[in-house]
Amino acid sequence: MESTADGADDTSGCRDFRRELELKQHAASRPLWVCPDGRIVLEASSPVYAQALDLLVAISEPVSRTRHMQEYQLTQYSLYAGASMGLRTQDITAGLERFSKCGLPEEVRAMVAECTERYGKVKLILRNDRYYIECPGDGAAFDALLHDAQIAEMRVLRDAAEEIPDHLRAAAAHGGGGGGAGSIVGLMGAAAFDEDEPSFSRLEHRSFEVDASKIKQVKERCNEIDWPLLEEYDFRNDADASALPVELRPETRVRDYQQAALGRMFGSHRARSGIIVLPCGAGKTLVGITAAATIGRSCLVLCNSAVSVEQWYQQFLMWTTVPKERVTKFTAGTKERLHPEACVLVSTYNMISFPGRRSKEALEVMADVEAREWGLLLMDEVHVVPANTFLTCTIKTKSRCKLGLTATLVREDDKIGDLNFLIGPKLYEANWLDLQAKGFIATVSCAEVWCPMTAEFFAEYLRQPVAVGRQLYAMNPSKFRACEYLVRFHEARGDKVIVFSDNVFALKKYAIKLKRPYIYGPTPQHERMMLLEKFKSTSEWNTLFISKVGDTSIDLPEANVIIQVASHFGARRQEAQRLGRILRPKARFAGDSTDPPPPPLSLSRDVLHYYHYIIIITSLSLHYDTQEMFYSTKRQQFLVDQGYAFKVITNLVPDGQDELLYSTQRDQLDLLREVLTDATSAEAQAEDAREAAEVEKDSGGAAVYGGGGVSRKRASMSELSGGDGLTYAETSRRSAPAGPSQRHGVFKQIDKARQQQRGGR
Ligand SMILES: Nc1ncnc2c1ncn2[C@@H]1O[C@H](COP(=O)(O)OP(=O)(O)OP(=O)(O)O)[C@@H](O)[C@H]1O
């Protein structure tokens with residue numbers, strides 16, 4: 001490899017760090033490679049893997065977590081999260097130094113220092129309907145904010161004495177406040193009791209009030225001047241909010257990873273706002289409910305769809321002792337008034353942010369929602385909510401603490417940064433493979449089935465416009481036969497199969513030809529319920545064809561096989577969500593049952609296995625990728641990064657399967673004619689439009705199906721994780737962990753210095 005003087009290799013994007021990093025003694029027993037650009041590689045086989053992982057989860061973003069090697073990236077936000085959990089600069093550098101095979105690069109030290117010294121030092125507190133900025137014990141932060149002209153405009157000037165909150169005033173009376181209330185903005189020197197420190201140490205609580213209607217601007221400005229706000233709620237000392245009578249039921253057992261996630265939220269005996277990331281089916285709902293029960297104040301839950309509202313409602317009653325009358329729903333179909341005392345309200349993002357005219361009942365509920373100071377705002381599936389809807393919800397509701405829950409902290413619309421900004425840092429992210437190994441989520445085999453296009457379809461594919469091309473690969477006879485083969489194979493094993501097709505035309509054709517039921521947007525609710533019930537509880541139908549309405553609003557706990565025949569573009573989240581449909585292990589395998597976790601996958605018939613197939617059309621010659629291969633690779637990226645290896649099956653259907661449909665050339669040509677006539681028909685197009693509208697409605701306007709913006713390039717470790725020697729080398733330009741524009745200032749300065757050095761040579 002040709003590399004430049006500083007080790008950078010411009011052609012491959014790789015860098016050779018040998019000159020910069022020197023191996024330490026006993027390097028082999030240390031698990032980390034820490035690169036000067038903040039990338040960290042962790043060896044999963046190390047005996048101190050678990051300890052090193054704990055540190056990395058707290059301070060970095062996972063990029064790729066394959067079975068043997070994992071890659072992480074230090075970012076501004078990840079270090080912010082670490083600092084907000086109480087990790088000090090020296091804790092982080094000492095931890096990295098201890099586990100690193102080489103001396104810690106100066107750049108990394110500088111970045112850790114710069115980010116952690118400032119983050120977590122400025123807090124935004126809601127108290128008695130007023131927002132305060134507090135800088136406990138940090139005079140530099142306080143001075144910087146106090147002297148900032150833009151923040152000065154958003155301050156609220158009141159009488160200084162009024163500024164001191166009751167609990168601090170009481171503390172001051174008992175403990176003797178240090179310093180005096182000095183400035184016109186109510187500078188306080190009151191002492192506070194910190195539960196973290198049993199010695200009752202006194203902290204200087206410098207604070208001032210800011211305009212509640214300008215919170216977004218205040219946050220933005222604080223970010224700009226590098227003093228980001230941390231939202232923390234001292235719920236134990238909140239005498240103003242009435243208590244919610246809620247406790248977890250004695251039989252509720254919170255799993256260890258759920259506890260670990262909650263530990264990150266409540267580590268300082270206060271509630272930190274932020275995001276918890278757990279795989280689908282790992283029990284985010286119980287995590288949210290436990291957080292609500294811990295805070296014990298009014299809680300507003302926002303979800304994506306009415307189906308999720310119902311699930312949250314039921315689970316609140318199932319896991320906790322909260323009186324039924326204290327839990328209400330607010331959806332298009334159910335508009336219950338809030339309990340006048342502390343309560344739980346479950347609603348959708350759309351209901352809260354709806355800009356149009358509302359019914360009288362809805363107006364009344366909304367007035368209650370807006371008037372109340374919520375102890376906790378729980379936001380489910382935060383990664384899918386459109387940025388504006390999200391912003392409106394956070395502005396319309398006043399909450400002391402916000403918790404976002406998600407399975408996939410990836411978006412195709414480049415808005416992930418907004419979540420950090422509007423909710424808070426990521427508090428915890430579970431490792432999918434660890435939960436799989438413990439039996440909490442199912443062990444799934446993933447495979448990409450490659451089917452070469454038949455010659456006649458390929459000739460048309462090259463000639464036809466893109467939209468028709470899509471129908472040609474969705475309806476290709478070789479794909480159809482692969483699907484039919486898999487359906488029959490798995491049905492014969494007693495499996496329950498879901499076939500996903502985003503292409504309505506193909507969905508109907510497949511289902512009708514194979515004589516299996518299908519559900520798509522226009523399927524009436526009662527028919528959906530009937531079909532799902534039959535699928536779940538009888539052996540009459542073991543395969544169900546579903547369009548993308550199944551991504552968000554249909555609960556399919558019985559399925560253990562997913563086959564994907566046609567998908568829209570390259571949304572990584574959608575892929576993960578679909579896999580999530582089968583991740584919930586069936587009762588006998590769940591990690592909290594007394595049964596042992598499932599054995600490693602084999603094809604024995606007495607064990608329930610989970611399969612995720614993606615059938616894609618390849619070009620005849622395999623000399624170039626079809627568009628479908630291109631998008632499929634992009635879609636898999638997230639799962640590959642979670643450690644899933646996709647096996648490639650190139651010869652799925654054995655010879656002599658003549659009983660499969662479209663086995664003769666005549667049948668195939670008939671199909672081609674049918675596709676060419678129907679695919680371009682106005683009816684097919686109208687159908688697609690109806691489907692899109694239906695999905696939009698079901699998901700509460702939250703469907704984000706990404707496309708473009710993809711570049712093919714050699715990626716990091718996920719390249720190595722493709723099954724059977726295949727490399728998965730595509731990554732989204734937008735999702736690349738540390739592109740130049742996302743890099744921290746320290747790295748930018750270093751890059752600039754390097755460029756200047758090079759220029760000078
Ligand atoms: N601690 C626990 N003990 C027993 N069962 C649990 C526990 N936590 C979660 N579950 C069960 O696991 C299943 C999945 O939980 P939940 O629906 O909250 O998952 P999720 O993470 O929200 O998944 P998705 O993203 O697919 O909605 C549910 O049946 C739930 O009751």
Side-chain angles (χ1 to χ4, degrees), residues 247-263 275-294 301-320 346 348 378-385 403-410 427-432 434-436 438-442 444 498 500 536 546 550-560 562 572-595 597 610 612 638-639 642 698-700 702:
E247 272 180 26
L248 291 183
R249 288 186 187 278
E251 61 273 23
T252 305
R253 277 177 36 214
V254 178
R255 296 170 181 162
D256 58 357
Y257 62 89
Q258 292 171 324
Q259 254 163 16
L262 289 158
I275 302 170
I276 290 177
V277 188
L278 291 179
C280 302
K284 287 182 282 299
T285 320
L286 182 57
V287 169
I289 289 172
T290 311
T294 308
V301 185
L302 296 182
C303 335
N304 264 325
S305 64
V307 178
S308 304
V309 169
E310 195 53 41
Q311 278 171 10
W312 273 91
Y313 173 81
Q314 294 299 345
Q315 296 224 11
F316 255 101
L317 300 180
M318 182 172 100
W319 297 116
T320 74
V346 193
T348 62
L378 253 175
M379 288 169 286
D380 197 16
E381 309 272 9
V382 277
H383 56 291
V384 286
V385 189
L403 174 62
L405 297 169
T406 178
T408 50
L409 208 47
V410 292
L427 300 171
Y428 183 82
E429 178 162 4
N431 184 331
W432 292 45
D434 283 353
L435 297 196
Q436 184 178 294
K438 290 179 186 157
F440 289 119
I441 57 173
V444 183
I498 299 288
F500 275 109
K536 285 177 196 169
I546 301 193
D551 292 353
T552 49
S553 50
I554 292 181
D555 195 24
L556 301 161
E558 303 307 318
N560 67 317
I562 282 180
R572 293 162 292 159
R573 181 183 63 72
Q574 191 191 29
E575 198 64 35
Q577 216 160 6
R578 288 194 171 161
L579 177 72
R581 294 277 150 213
I582 52 171
L583 277 186
R584 295 172 186 209
K586 313 307 172 235
R588 65 191 163 116
F589 294 138
D592 24 34
S593 80
T594 46
D595 290 345
Y610 300 80
H612 179 65
F638 176 78
L639 295 179
Q642 303 309 318
D698 271 340
S699 66

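Order of listing sets the numbers, starting from 1, for every ligand and every atom in it. We count residues from 1, following the sequence as given.
Contact between Gly288 and Trp312 at its shortest, heavy atoms only, is CA-CH2, 4.2 Å. Residues Leu403 and Ala291 approach most closely at CD2-CB, 3.9 Å, considering heavy atoms.
Near Leu286, meaning under 4.0 Å from one of its heavy atoms, ligand 1 places the atoms 1 (N), 2 (C), 7 (C), 8 (N). For ligand 1, the atoms lying closer than 4.0 Å to a non-hydrogen atom of Cys280 are 23 (O), 25 (O), 26 (O).
In this structure, of Trp319, Trp312, Tyr257, the residue bringing a heavy atom nearest to atom 31 (O) of ligand 1 is Trp319. Taking all heavy atoms of Thr285, Thr252, Val287, Leu278 into account, the minimum distance to atom 16 (P) of ligand 1 is reached by Thr285. The nearest non-hydrogen atom to atom 25 (O) of ligand 1, considering only Glu251, Lys284, Arg253, comes from Lys284. The option from Cys303, Pro279, Gly281 that lies nearest to atom 20 (P) of ligand 1, judged by heavy atoms, is Gly281.
The side chain to side chain contact (heavy atoms under 4.5 Å, CB included) with Leu262 is formed by just one residue from the set Leu286, Thr294, Val287, Leu427; it is Val287.
The CG atom of Leu378 sits 6.0 Å away from atom CZ of Phe316, with the distance rounded to the nearest 0.5 Å. To the nearest 0.5 Å, atoms CZ (Phe440) and CD (Gln258) are separated by 8.0 Å.
Checking only distances, Gln315 never comes within under 3.5 Å of ligand 1, N or O to N or O. Remark: ligand 1 and Gly283 share an N or O pair separated by less than 3.5 Å (distance only, no angle test).
No more than 12 heavy atoms of other residues, nucleotides or ligands sit less than 6.0 Å from atom CD of Glu247.
By the 4.5 Å heavy-atom criterion applied to side chains, Tyr257 and Asn431 are not counted as neighbours.
Residue-ligand proximity: Ala407 is placed with every non-hydrogen atom at 4.0 Å or more from ligand 1.
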